[in-house]
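Note that ligands are numbered from 1 as they come in the structure, with each ligand's atoms numbered from 1 the same way.
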Amino acid sequence: MKPAAAHSLLLRSLCLALCCLGGARASWRSSGNHEWKKLIMVHHWPVTVCKEVEHDCRDPPDYWTIHGLWPDKAEECNGSWPFNLEEIKDLLPKMKMYWPDVIHPLNHSHFWKHEWEKHGTCAAQVDTLNSEKKYFGRSLDLYQQLELNSMLQKLGIKPSINYYQISDIKDALASIYGVIPKVQCLPPKQGEEVQTIGQIELCFTKELQLRNCTEPGEPREPRGAWGPGLEVCEDGPAFYPPPQRTAH
Ligand code: 5GP
């Protein structure tokens, strides 16, 4: 065989092998290995998001916004299902209002793409969430049904320079929603007295019915389970930071 022909044959074999590998990876990622049981509606407090990233976010929203709708124990289930902004164009006004990119408020779609690729492609295992439009649309519906902002107001839980007891917040939310929520905090930094409230999670079944996020007696997640930032709040006092308006 001539060297050029041998080279071309080698290249074709290599391509074929890579294609097979790619195919196997795609089908593994979309297989049942990522089966999940619980959906977590994650609300975050934008003031704390800005504090966490130490980024100069200007005037973050002064209401709880959506971080994501996350299936438990599932991430990046279908890498070959790209995010398409066009599919959710009808939802954009609500998306910008309730699911803004707090860190990059001038370009929300990177954040939505990230949430879709990491969590949405896994949530899509159930028919009610099996498209981008359904995933984002249902998430917005759940957020609006939960009305966390007005519930907290009603409970008298407002951003304040005085500290709250985490158990009081959890008990108040449980009394309103009838299920056990999860509250996450930033641990105190050097020089700070207490942790800072960052996220409130409310959980749903696959049928989108509210359920407990944790079961009574379930062990606490180990410290740092969510990376260097947020952790399940320690029982005890916590700071719910008021927004600081910058002068324009
Ligand atoms: P996950 O990757 O599981 O969806 O969420 C964790 C990551 O989201 C963290 O790296 C955190 O910094 C990031 N994050 C939280 N809120 C925002 C936001 O509003 N915008 C962007 N771009 N990232 C965020």
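In this structure, Trp99 has its ring center under 6.0 Å from that of Phe136. The aromatic ring centres of Tyr240 and Trp45 sit less than 6.0 Å apart. Aromatic ring centres of Phe111 and His67: separated by under 6.0 Å.
One option in Thr48, Asp101, Ile66, Val102 has a heavy atom closer to atom 22 (N) of ligand 1 than any other, and that option is Asp101. Checking His44, Lys113, His67 against atom 7 (C) of ligand 1, the nearest heavy atom belongs to His67.
The distance from ligand 1 to the heavy atoms of Val49 drops below 4.0 Å at these ligand atoms: 16 (N). For ligand 1, the atoms closer than 4.0 angstrom to any heavy atom of Glu115 are 1 (P), 4 (O). Each of the atoms 22 (N) of ligand 1 lies under 4.0 Å from some heavy atom of His104. Remark: ligand 1 atoms within the under-4.0 Å shell around heavy atoms of His119 are 1 (P), 3 (O), 4 (O). Near His114, meaning under 4.0 Å from any of its heavy atoms, are these atoms of ligand 1: 1 (P), 2 (O), 4 (O).
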Open item on the list: Set out, in order, the CA-CA distance, both residues' side-chain angles and the distance that settles salt bridge (Lys or Arg N to Asp or Glu O under 4.0 Å) for Lys38 and Glu201, then state yes or no.
Closed with: CA-CA 12 Å; Lys38 181 166 73 180; Glu201 301 183 351; over 6 Å; no
Open item on the list: Run the side chain to side chain contact (heavy atoms under 4.5 Å, CB included) test on Glu193 and Tyr163 for me, step by step, so that the C-alpha distance in whole Å, both residues' side-chain angles and the decisive distance to 0.1 Å come before the verdict.
Closed with: CA-CA 10 Å; Glu193 288 175 348; Tyr163 303 147; 2.8 Å; yes
Task: Stepwise side chain to side chain contact (heavy atoms under 4.5 Å, CB included) test for Tyr98 and Asn149 - done: CA-CA 11 Å; Tyr98 303 133; Asn149 288 287; over 6 Å; no
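Residue contacts with ligand 1 do not include Glu75, since none of its heavy atoms lies under 4.0 Å from the ligand.
Taking the six-membered ring where the residue is Trp, Trp81 and Trp116 present perpendicular rings, their angle passing 60° and hence far from 30°.
Considering backbone and side-chain atoms alike, Glu52 places every N or O at 3.5 Å or more from each N or O of ligand 1.
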